[in-house]
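Single-structure report; data block below.
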Amino acid sequence: MNKIRLGFIGAGALATTLSVAFKQNGFNITAVSSRGFESAKTLAERLDDCRAAANNQEVADYADLVFIATPDDVIPVVASQVSWRKGQMVVHCSGADPVDILNPAKKAGSQIGVFHPLQTFAAKPEENLKGITFAVEAEEPLLTQLKEMARILGGNVIELKSKDRAIYHAAAVFACNYLVTLTDIAADLWESIDVPRDKAVMALLPLMRGTINNIESIGVANSLTGPIARGDSGTVKKHLTALDKIDPDITGLYRELGLNTIPIAIKKGKLNKSQAEDIERILKQPILQPECKKQ
Ligand SMILES: NC(=O)c1ccc[n+]([C@@H]2O[C@H](COP(=O)([O-])OP(=O)(O)OC[C@H]3O[C@@H](n4cnc5c(N)ncnc54)[C@H](OP(=O)(O)O)[C@@H]3O)[C@@H](O)[C@H]2O)c1
């Protein structure tokens, strides 16, 4: 397997992580390209005996298995611009896109597939692959090959059908990207009470780590603490009133998340039916700030 020549079209966060990891595991990376030449050159310098290709066609010409690691919207463009060969393997790394965006390669006689690492690559990417899940999709024999490559990188494998990819990826956005969004909102709120952002983030991080550790050790429902888990409806009311003065959109988000938290609290077994109904009513009813009450 390690004799296969791998090529990367795209030399960004994902391509860097995967190509370096494959190289460390004995694979031969022969060519990388990028939109501008600079990132391909930088990545090629990290991979011995790898050419920084002047264009995407050169990668296809020098590789048996090509990873298209461009932004999602560019994948179909690349797939249709390159002249693929019979017997070549062409894979994209998007979580949400179906395999058939690579159909131009299939028409040329290539095997096509998807190889999506369920991980976020932003800082120190090489450390992030062990134990992750790779969602793969392909026909045989490429399917077996991609599964084996995922295992060599220390990952687990799930097989996904194209029709399920958008939901699979939307779930990943909730668990990963929106965690960043929620952290940003929390830091904004602390800023509104004059705590500098960086201090806020540093203070919130142990709380977030503690939550993630709890999810790992005792499961999702048991990890839920806070006013909804305790049935503290008065605290929920105070939150809504305070948030509404700062930003009604954030109050709306708090309400939505709160309503989705009630079933988790019930599952945990700490919230009884009448407490749940009380909190649901509070979360659904509009806040009357003092000036509104006068009217
Ligand atoms: N980052 C993640 O956490 C992550 C995780 C899982 C899957 N993915 C998937 O991995 C893929 C790449 O994402 P990314 O985060 O690595 O993106 P990225 O960091 O923005 O890198 C994109 C790369 O594509 C290159 N590129 C853009 N247009 C091109 C073209 N027409 N021809 C050749 N190269 C082109 C860019 O070149 P320049 O450097 O010259 O601009 C850049 O090197 C996406 O399908 C994404 O869904 C990403």
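Just follow the structure's listing: the first ligand is 1, and inside any ligand the first atom is 1. Since we're looking at a predicted model, the values are computed, not measured. Reckoned from all heavy atoms, side chains included, excluding hydrogens, waters and symmetry mates.
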Please write down residue, atom name and distance for the protein heavy atom closest to [atom].
atom	value
atom 41 (O) of ligand 1	R35 NH2, 2.5 Å
atom 15 (O) of ligand 1	A13 CB, 4.1 Å
atom 30 (C) of ligand 1	V74 CG1, 3.9 Å
atom 47 (O) of ligand 1	D72 OD1, 2.7 Å
atom 3 (O) of ligand 1	F121 N, 2.8 Å
atom 7 (C) of ligand 1	C93 O, 3.3 Å
atom 25 (C) of ligand 1	G10 CA, 3.8 Å
atom 27 (C) of ligand 1	P71 CD, 3.6 Å

Query - Hydrophobic cluster membership, I246 vs V236, 4.5 Å side-chain cutoff - result: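 As far as the 4.5 Å side-chain criterion goes, V236 and I246 are connected within one cluster.
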Report task. Say whether L118 and V99 are linked into one hydrophobic cluster, either directly or through other cluster members, by side-chain heavy-atom distances under 4.5 angstrom. Result ->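 Each belongs to a different hydrophobic cluster.
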Compare every heavy atom of [Y] with every heavy atom of [X], then report the nearest pair and how far apart it is.
X	Y	value
S94	I75	CB-CD1, 3.8 Å
L146	A138	CD1-CB, 4.1 Å
A52	F37	O-CE1, 3.4 Å
A187	R197	CB-NH2, 3.6 Å
L271	A265	CD2-CB, 3.7 Å
I282	S233	CD1-CB, 3.4 Å

I'd like to check which ligand 1 atoms, numbered from 1 as shown, lie under 4.0 Å from a non-hydrogen atom of [X].
X	value
S94	45 (O), 47 (O)
I9	33 (C)
S39	38 (P), 39 (O), 40 (O)
A69	12 (C), 22 (C), 23 (C), 24 (O)
H116	6 (C), 7 (C)
P117	6 (C)

Report task. Name the orientation class of the two ring planes belonging to F22 and F8 (parallel below 30°, tilted from 30 to 60°, perpendicular beyond 60°). Result ->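 F22 vs F8 ring planes: tilted.
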Report task. Return a yes/no value: protein heavy atom under 4.0 Å from atom 1 (N) of ligand 1? Result ->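 Protein heavy atom within 4.0 Å of atom 1 (N) of ligand 1: present.
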Query raised in the report: Looking only at heavy atoms of Q119, does any of them come nearer than 4.0 Å to an atom of ligand 1?
Result: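 Yes, Q119 has a heavy atom closer than 4.0 Å to ligand 1.
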Can you find an N or O of [X] that's nearer than 3.5 Å to an N or O of ligand 1?
X	value
T70	yes
L14	yes
G12	yes
A11	yes
G36	yes

Query raised in the report: Do L189 and L243 touch side chain to side chain, with heavy atoms closer than 4.5 Å?
Result: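 In short, these two side chains touch, coming nearer than 4.5 Å.
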Requested in this report: Going by the side chain to side chain contact (heavy atoms under 4.5 Å, CB included) test, name the single residue among I29, V91, I9, V59 that passes it with F67.
Outcome: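 So the option named by the test is V91.
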Requested in this report: Taking atom CD of E139 as the centre, report whether more than 12 heavy atoms of other residues, nucleotides or ligands fall under 6.0 Å from it.
Outcome: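 For E139, atom CD is not crowded (no more than 12 foreign heavy atoms under 6.0 Å).
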Query raised in the report: Charged N to carboxylate O below 4.0 Å: is that the case for K23 and D49?
Result: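 Looking at D49 together with K23, the answer is no, because their closest N to O distance does not fall below 4.0 Å.
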Report task. Could you name the option among N56, V32, T120, V78 that has the heavy atom nearest to atom 33 (C) of ligand 1? Result ->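 It is N56 whose heavy atom sits nearest to atom 33 (C) of ligand 1.
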